[in-house]
Amino acid sequence: MEKSILSDYRELKSIIDQAAEVAGYIWQKGWGERNGGNLTVDVTDYISTYLPAISSPVSMELTLPHIAGRYFYVKGTQKRMRDLARVPMDNGCIIRITDDGAAYVLVADKQVKPTSELPSHLMVQDYLRQTGSTYKATLHTHPIEIVALSHHRRMLDDTTRPNVITRTLWSMIPETLAFAPLGLGIVPYEVPGSVELAQATLNKIKDYDVVLWEKHGVFAVGQDIMDAFDQVDVLNKAARIYLDARILGSEPEGMTDKAMKDVQRIFNLPTVRNN
Ligand code: 2HA
Ligand code: ZN
């Protein structure tokens, strides 16, 4: 068997094992059909020596100065979450952003091309570095119930804060507000993989940890990939409860505004991004 970089870097292995664990959950939940979804983790802190390129530079067609020289573990394009769960280094790769911030090279382990959603992942990673955030992970997935809600125009109304979908989800169980206190931002439909989708995502992620990609999925940020997954899981659980309650025919009652304000107050929840 060929030697993997993971045998030289123990901490890096544990970070990539976590990505594999999350990929397995995503498959089990039915959020990762075929090659659906992708993830990126900034692993620079776990790589102590300069890793030589194993590919020529690939232009990103954008310049991302704040992540120049940094290393990322990235799911491969056309690769399956369920396969990444078993063999993460065959279904993902480690890239380094070139020193001019305009291209990437592969550094490990194989010639696996990064995800089609690389513009969103790296533009958001660049923003996180720029702002001194402690967040290291970005996740895109297709959670069934949240996507279902995004087919209802009423749920996409983003003119209030909290917006309609956030208020609806928060009001299902107190834990939704407690563990996803910034709610769910809304990114109107854009072509998958496009720079337009990446730009719209970047604009919204400044205020939210999780944003909806209308009629497509979600994009989330977190301290690590488990943190990003947990926030999506919490919000999607609420969407599932909403839809199950809706089956009885009428609009579910939801918690009152007062009950929600009490949760916000008692748990001293943040109302704006502070990390
Ligand atoms: O990785 O989910 O949005 C495939 C996708 C593109
Ligand atoms: Zn997708």
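Counting starts at 1 for both ligands and their atoms, in listed order.
- Each of the atoms 2 (O) of ligand 1 lies under 4.0 Å from some heavy atom of His142.
- Protein heavy atom in closest approach to atom 1 (O) of ligand 1: Asn38 ND2, 2.9 Å.
- Polar contact with ligand 1: present for Gly37 (N/O pair, distance under 3.5 Å).
- Of the charged side-chain nitrogens involved, none lies within less than 4.0 Å of a carboxylate oxygen, so that Lys79 and Asp83 do not count as a salt-bridged pair.
- Side chains of Tyr242 and Glu251: a donor-acceptor N/O pair is present below 3.5 angstrom, by distance only.
- Criterion: ILVMFWY side-chain heavy atoms under 4.5 Å apart, direct or through other members. Under it, Ile165 and Val234 are not part of a common hydrophobic cluster.
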Report task. Check the pair Leu139, Phe229 against side chain to side chain contact (heavy atoms under 4.5 Å, CB included), reporting the backbone distance first and the verdict last. Result -> CA-CA 7 Å; Leu139 171 69; Phe229 169 81; 4.2 Å; yes
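- Within the set Glu33, Arg80, Lys79, Glu117, the minimum heavy-atom distance to atom 6 (C) of ligand 1 is found for Glu117.
- Atoms of ligand 1 lying under 4.0 Å from any heavy atom of His140, numbered from 1 in the order shown and given with element: 2 (O), 3 (O).
- Each of the atoms 3 (O) of ligand 1 lies under 4.0 Å from some heavy atom of His216.
- Ring centroid separation for the pair His140 and Trp213 comes in under the 6.0 Å cut-off.
- The NE2 atom of His142 and the NE2 atom of His140 subtend an angle of 100° at the Zn ion (ligand 2), given to the nearest 10 degrees.
- In summary, the atoms of ligand 1 found under 4.0 Å from a heavy atom of Asn35, numbered by their order in the structure, are 1 (O), 4 (C).
- In summary, the aromatic rings of His121 and Phe219 are positioned with their centroids under 6.0 Å apart.
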